[in-house]
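See below for the structure under consideration.
We number each residue from 1, following the sequence as shown. Computed from a predicted model, the values in this text were never measured in an experiment. For the numbers below, each heavy atom of this structure counts, side chains included, while hydrogens, waters and symmetry mates do not.
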Amino acid sequence: MRFVRLSAVVAAMLIVAGTASQATATSARETMAAPDLQLPFPCGQKWQLNTWEHAPALDMVKEPDQHGTLGATLIAPAAGTVKQSYRHENAGNMIQIDHGGRYYTTYIHLQSRAVSAGDRVQRGTVIGKVGKDGETANNHPHLHFELGYDANGDGRASWGTKNSERVRPTFDGVTYGQANGREWNNVTSRNCSATSP
């Protein structure tokens with residue numbers, strides 16, 4: 001009788017351990033699936049990244065002193081397929097790219113869009129221009145950038161709100177967006193691939 005109880009306890013412990021290791025493996029797979037991103041700007045440009053009050057989303061302005069932000073060329077940070085490209089009522093011109101593995105990048109307040117939904121892009125493909133479009137841009141030129149993970153499996157990543165599916169982005173191996181009120185200066189773009197049509 002005692003042996004049976006002990007065996008049941010051991011079996012239960014093995015089930016719990018198996019479930020925990022399965023969750024860890026799933027977590028590791030999701031982390032490994034994250035796209036290898038570079039800044040969405042041409043090679044060598046320097047940009048300031050801010051979280052303000054919407055971490056892990058980032059607002060980006062060109063260094064030094066934000067000169068050249070308005071109309072700056074926006075390029076794909078990694079290969080993918082354009083999921084959305086339209087003018088949003090509050091966010092202005094926006095683009096969302098599906099990078100596979102349930103990861104998406106979203107860009108808002110654009111001056112213009114150079115891609116349409118369904119277009120395939122490579123790292124370095126020109127996708128638009130940085131702007132100040134949309135009411136929530138507050139007439140201030142900047143790129144609002146989000147990396148999202150489609151946690152609920154609906155085929156897109158929600159964006160633009162506090163409870164959206166955004167996650168911390170990593171550019172050139174460095175992770176940003178850890179907390180509100182953070183600023184990173186002179187972040188240099190290593191997006192040096194040849195531009196694709």
For the backbone of [Y] and the side chain of [X], can you confirm whether one donor and one acceptor N or O come within less than 3.5 Å of each other?
X      : Y      : answer
Thr51  : Gly181 : yes
Asn90  : Thr136 : no
His109 : Ala91  : yes
Asp172 : Gln38  : no
Ser189 : Gly44  : no
Asn138 : His140 : no

For the pair Val187 and Gln48, evaluate side-chain contact (heavy atoms from CB on, under 4.5 Å) and give the outcome as yes or no after the intermediate values.
-> CA-CA 6 Å; Val187 180; Gln48 181 186 90; over 6 Å; no
Nearest-0.5 Å distance that lies between atom [atom1] in [X] and atom [atom2] in [Y]:
X      : Y      : atom1 : atom2 : value
Arg190 : Gln45  : CZ    : CD    : 12.5 Å
Thr188 : Phe41  : OG1   : CZ    : 12.5 Å
Leu39  : Asn191 : CG    : CG    : 8.0 Å
Ile95  : Asp119 : CD1   : CG    : 9.5 Å
Arg156 : Ser158 : CZ    : OG    : 6.0 Å

### Task
Could you note down all residue pairs passing salt bridge (charged side-chain N to carboxylate O under 4.0 Å, His left out) where residues 143-152 supplies at least one of them, sequence neighbours left out?
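Matches after skipping sequence neighbours: Glu146-Arg166.
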Sequence-distant partners of [X], salt bridge (charged side-chain N to carboxylate O under 4.0 Å, His left out), two or more places apart:
X      : answer
Arg168 : none
Asp36  : Arg123
Arg113 : none
Asp65  : none

Quick one: side chain to side chain contact (heavy atoms under 4.5 Å, CB included) partners of [X], sequence neighbours excluded?
X      : result
Ala151 : Tyr149, Glu165
Asn186 : Lys46, Glu63
Asp59  : Trp52, His54, His142, His144

Hphob cluster co-occupancy, [X] + [Y], side-chain heavy atoms under 4.5 angstrom:
X      : Y      : answer
Leu70  : Leu143 : no
Val61  : Leu58  : no
Tyr104 : Met60  : no

Residues 39-158 vs disulfide (SG to SG under 2.5 Å), sequence neighbours excluded, gives Cys43-Cys192
Taking every heavy atom of Leu147 against every heavy atom of Pro35, the minimum-distance pair comes out as CD1-CG, 4.4 Å
Please give me the minimum heavy-atom distance between Ser85 and Ser116, naming the atom from each residue.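 So the two residues come closest at CB-CA, 4.0 Å.
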Side-chain donor-acceptor pairs of residues 73-83 under 3.5 Å, sequence neighbours excluded:
from  : atom 1 : to     : atom 2 : distance (Å)
Thr73 : OG1    : Lys129 : NZ     : 3.1
Thr81 : OG1    : Arg120 : NH1    : 3.1
Lys83 : NZ     : Gly155 : O      : 3.1

* Do the side-chain N and O atoms of Gln96 and Asp98 include a donor-acceptor pair separated by under 3.5 angstrom? -> no
Q.
Checking Thr175 against Thr170: is there a side-chain donor and acceptor pair closer than 3.5 Å?
A.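 There is such a pair between these side chains.
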Review point. Going through the distances and angles, do Val130 and Trp47 end up as a side-chain contact (heavy atoms from CB on, under 4.5 Å)?
Key: CA-CA 12 Å; Val130 177; Trp47 287 76; 4.3 Å; yes
Quiz prompt | Heavy atoms of other groups near Gln178 CD, more than 12 under 6.0 Å | solution =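 Correct, the count exceeds 12.
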Tell me every residue that passes ring-ring contact (aromatic ring centres under 6.0 Å, His included) with Phe145, counting only those two or more places apart in sequence or in another chain.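 ring-ring contact (aromatic ring centres under 6.0 Å, His included) list for Phe145, sorted by chain: Tyr107, Phe171.
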Do Val115 and Val121 touch side chain to side chain, with heavy atoms closer than 4.5 Å?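 A side-chain contact under 4.5 Å exists here.
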Apart from Ile108 itself, which Ile, Leu, Val, Met, Phe, Trp or Tyr residues share its cluster (side-chain heavy atoms under 4.5 Å, direct or through members)?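 Hydrophobic cluster check, Ile108: joined to Tyr86, Met94, Trp159.
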